[in-house]
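See below for the structure under consideration.
Starting from 1, each residue takes its place in the sequence as its number.
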Amino acid sequence: MALIGWMLSFAALLGALALRQDAPIGGSAALSNMLLLLALLACPMLWQGAPLGISRAQRVVGGLILLFCLPILLLPGAS
């Protein structure tokens, strides 16, 4: 499970950094912020021992919320 968290964290971090560098679409800043938050939520090293009282289930739900908000962000005229 930790390996999946590491892969998701690195993929989201690299995607966010690429969006900040390129900025190809109008909502790329918001999308980049969402990917950075997803990278933070997925990083297993930061969340060992449930600091701040945030459990694994709460982090998974937060990541799913970010994932499901993506189509709303990419709608024309939303940014």
Side-chain angles (χ1 to χ4, degrees):
M1 191 67 175
L3 182 62
I4 293 172
W6 279 113
M7 290 187 324
L8 184 62
S9 181
F10 279 125
L13 180 65
L14 292 176
L17 292 176
L19 274 175
R20 288 195 184 252
Q21 183 69 26
D22 246 0
I25 58 175
S28 64
L31 184 59
S32 175
N33 288 339
M34 287 173 60
L35 283 172
L36 283 174
L37 186 57
L38 182 63
L40 178 70
L41 287 172
C43 185
M45 182 181 69
L46 297 176
W47 299 101
Q48 288 178 351
L52 304 175
I54 300 173
S55 69
R56 180 183 301 169
Q58 291 169 334
R59 290 187 292 124
V60 168
V61 169
L64 286 174
I65 288 170
L66 289 172
L67 183 69
F68 291 140
C69 286
L70 183 63
I72 296 171
L73 181 70
L74 295 177
L75 284 174
S79 55

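Looking at every heavy atom in both residues, Ala39 comes nearest to Ser9 through O-OG, 3.0 Å.
Tested against Arg20 for a side chain to side chain contact (heavy atoms under 4.5 Å, CB included), the candidates Leu36, Leu35, Leu31 yield a single pass: Leu36.
The distance from the CG atom of Leu38 to the CG atom of Leu64 is 9.5 Å, given to the nearest 0.5 Å.
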